[in-house]
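Computed over heavy atoms, backbone and side chain alike; hydrogens, waters and symmetry mates excluded. Small disclaimer: the values here were computed from a predicted structure and weren't measured. One is the number of the first residue; the rest follow in order along the sequence.
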Amino acid sequence: MNKEREKIIIDCDPGTDDALAIILALHSDKIDLKAVCSVTGNGALDTTTKNGLNILALCGRKDIPLYRGSAVALDQKQPATVSAFGDDGLGGYADTILSDKKEEEQNAVDFLVEYINSHPKEITLFAIGPCTNVAKAIRKSPEFAKNIKKLVIMGGAKYTGNMSPVAEYNFWADPQAAHEVLQAGIEDVTMIGLDVTNKIALNCEMREILRLLDTDLSRFIYNITKEGLDDNWKARRKAVSPMHDVLTVAYFIDPSIVEIKPAFIDVVTDGIAKGQSIVDINGHWNNNICNAKYVATVDVNKFYNLFFKEIFNEGINC
Ligand code: BDR
Ligand code: CA
């Protein structure tokens with residue numbers, strides 16, 4: 001059974017939606033999560049590392065190693081961290097899942113290079129925080145990029161942003177890293193941007209279902225998504241909680257929930273549009289040469305059915 005599962009590594013900055021992506025991956029019988037790597041993002045590196053360890057423990061998977069990654073972006077500066085999920089990264093509920101799980105001694109960049117180069121074309125890598133660790137691995141090893149089987153990125157956005165009118169957080173936090181990763185010649189890259197992940201934000205009905213399910217895990221997800229809901233209500237009168245990163249794993253489990261378009265994608269590394277992703281469908285402005293798949297739309301109902309089915313074995317009517 002285990003042999004048929006797709007081997008993945010998640011590079012992330014947990015973060016509520018990163019935590020949900022890990023939880024979904026751990027509940028899928030299509031996925032074999034080999035390791036988690038941490039990076040600064042939703043919180044300082046100590047916070048994202050600790051949250052990653054505790055999420056694995058919460059899911060009963062202390063056996064999965066976690067490697068601590070980069071504290072600063074490629075420009076050596078600490079990216080401004082968003083407090084969208086509360087100071088502890090998990091909406092004030094991080095301390096409810098404290099565990100004794102320890103991180104590995106090896107750092108995330110060395111681990112990525114060593115593991116992926118020794119398993120060429122076997123590993124799908126998820127980059128759901130700033131791309132710093134992945135860019136450093138590419139700089140470190142000339143073989144690394146071509147040895148990745150598939151890279152799925154949550155980052156960027158077509159025509160929108162959450163850090164500026166045009167920049168999404170993960171690309172904005174380390175735009176040079178995002179640029180280098182996208183231009184590294186990785187054979188199979190999928191970018192899932194904010195314009196689409198905004199559509200799967202957890203609404204009040206879906207969140208209420210979590211309360212009604214009344215398991216330890218459903219209550220935990222209900223709790224950690226409260227802060228995002230409160231923030232969205234205060235900022236824009238929308239009663240939804242962000243779920244961005246979860247779509248990367250959901251797409252991997254069932255690609256039919258999204259529509260994909262080939263594109264040439266790059267990132268603005270500085271200036272007023274810092275972090276903006278340029279999504280050129282079909283490489284129209286680039287001699288029809290594409291370097292990535294752009295997720296253009298998502299079937300929200302299919303997404304929620306998948307989410308509840310995989311994690312709670314519940315079909316839902318939405
Ligand atoms: C991305 O930034 C982080 O806040 C989230 O975890 C997600 O990866 C959304 O812009
Ligand atoms: Ca993230």
Side-chain angles (χ1 to χ4, degrees), residues 1-2 5 8 10 12-33 36 42 47-48 50-64 66 84-86 88-101 126 128 154 197 200-233 239-254 257 298-318:
M1 180 71 170
N2 224 14
R5 296 183 182 215
I8 74 162
I10 299 182
C12 59
D13 60 333
T16 293
D17 59 336
D18 303 77
L20 298 178
I22 293 170
I23 289 169
L24 179 57
L26 290 176
H27 282 81
S28 168
D29 61 12
K30 292 190 180 156
I31 289 177
D32 179 9
L33 178 60
V36 173
N42 282 312
T47 303
T48 60
K50 188 179 90 175
N51 288 345
L53 290 166
N54 290 333
I55 293 291
L56 290 169
L58 173 78
C59 294
R61 295 306 305 271
K62 283 201 214 173
D63 57 305
I64 296 175
L66 183 139
F85 303 126
D88 66 0
L90 295 177
Y93 286 86
D95 285 353
T96 62
I97 52 163
L98 291 182
S99 79
D100 59 358
K101 179 168 166 54
F126 288 75
I128 58 174
M154 190 284 132
T197 61
I200 58 145
L202 191 71
N203 64 29
C204 291
E205 186 187 352
M206 293 301 125
R207 196 160 166 269
E208 195 61 7
I209 291 172
L210 290 166
R211 189 186 64 77
L212 293 167
L213 288 173
D214 200 26
T215 69
D216 286 350
L217 191 55
S218 75
R219 278 193 298 271
F220 176 71
I221 298 174
Y222 180 83
N223 287 335
I224 64 173
T225 51
K226 179 178 183 300
E227 180 117 10
L229 186 85
D230 291 349
D231 287 348
N232 260 322
W233 179 250
V240 293
S241 188
M243 294 272 278
H244 308 292
D245 294 334
V246 194
L247 190 54
T248 58
V249 176
Y251 149 73
F252 187 70
I253 294 169
D254 181 2
I257 68 171
V298 59
D299 183 326
V300 177
N301 290 347
K302 268 180 142 184
F303 165 79
Y304 273 107
N305 270 305
L306 181 151
F307 182 78
F308 281 94
K309 191 87 198 150
E310 293 285 336
I311 301 181
F312 301 106
N313 201 22
E314 286 283 344
I316 51 153
N317 293 314
C318 55

Problem set entry | Residue list, side-chain contact (heavy atoms from CB on, under 4.5 Å) with Ala21, at least two apart or on another chain |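 Ile128, Asp245, Val249.
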Exercise. Among all residues two or more places apart in sequence or in another chain, which pass the side-chain contact (heavy atoms from CB on, under 4.5 Å) test with Asp95?
Worked result: Lys50, Leu98
Side chain to side chain donor-acceptor pair (under 3.5 Å) involving [X] - partner list, sequence neighbours excluded:
X      : value
Lys30  : none
Thr48  : none
Thr96  : none
Asp254 : Ser256

Working to the nearest 0.5 angstrom, can you tell me the gap between [X] [atom1] and [Y] [atom2]?
X      : Y      : atom1 : atom2 : result
Asn51  : Leu90  : CG    : CG    : 4.0 Å
Phe126 : Met154 : CZ    : CE    : 13.5 Å
Leu66  : Leu56  : CG    : CG    : 6.5 Å
Leu202 : Ile221 : CG    : CD1   : 9.0 Å
Ser28  : Ile23  : OG    : CD1   : 14.0 Å

Tell me the closest heavy-atom pair linking [X] and [Y], and the distance in Å.
X      : Y      : result
Leu229 : Cys204 : CD1-SG, 4.1 Å
Leu26  : Cys59  : CD1-CB, 3.5 Å
Ile64  : Leu33  : CD1-O, 3.6 Å
Trp233 : Ala239 : CE3-N, 4.0 Å
Ile55  : Ala19  : CD1-CB, 3.5 Å
Thr16  : Ile224 : OG1-O, 3.3 Å

For this session: Before giving the answer on side-chain contact (heavy atoms from CB on, under 4.5 Å), spell out for Phe303 and Met243 the whole-Å C-alpha distance, their side-chain angles and the decisive distance to 0.1 Å.
Result: CA-CA 11 Å; Phe303 165 79; Met243 294 272 278; 4.2 Å; yes
Exercise. Quick one: do the Thr225 and Arg207 side chains pair a donor with an acceptor below 3.5 Å?
Worked result: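 Judged by distance alone, the side chains do pair up.
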I'd like to know if the side chain of [X] reaches the main chain of [Y], judged simply by a donor and an acceptor atom lying under 3.5 Å from each other, with no hydrogens or angles considered.
X      : Y      : answer
Asp32  : Arg5   : no
Asn54  : Ser99  : yes
Thr197 : His244 : no
Asp18  : Cys12  : no
Ser218 : Thr215 : yes
Tyr304 : Ile200 : yes

Side-chain atoms of residues 306-314: list all donor-acceptor pairs with protein atoms under 3.5 Å, sequence neighbours left out, distances to 0.1 Å.
none

For this session: Apply side-chain contact (heavy atoms from CB on, under 4.5 Å) to the pair Ile10 and Thr248, showing each step before the final yes or no.
Result: CA-CA 10 Å; Ile10 299 182; Thr248 58; over 6 Å; no
In chain order, what residues pass the salt bridge (Lys or Arg N to Asp or Glu O under 4.0 Å) check against [X], with sequence neighbours excluded?
X      : result
Asp299 : none
Arg219 : Asp214, Asp216
Lys62  : Asp100

Problem set entry | Within-4.5 Å side-chain heavy-atom neighbours: Leu24 and Ile22 | no
Exercise. Is any side-chain heavy atom of Ser241 less than 4.5 Å from a side-chain heavy atom of Asn232?
Worked result: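 The answer is no; the side chains never approach within 4.5 Å.
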For this session: Please list, chain by chain and in numerical order, all residues satisfying ring-ring contact (aromatic ring centres under 6.0 Å, His included) with Tyr251, sequence neighbours excluded.
Result: none
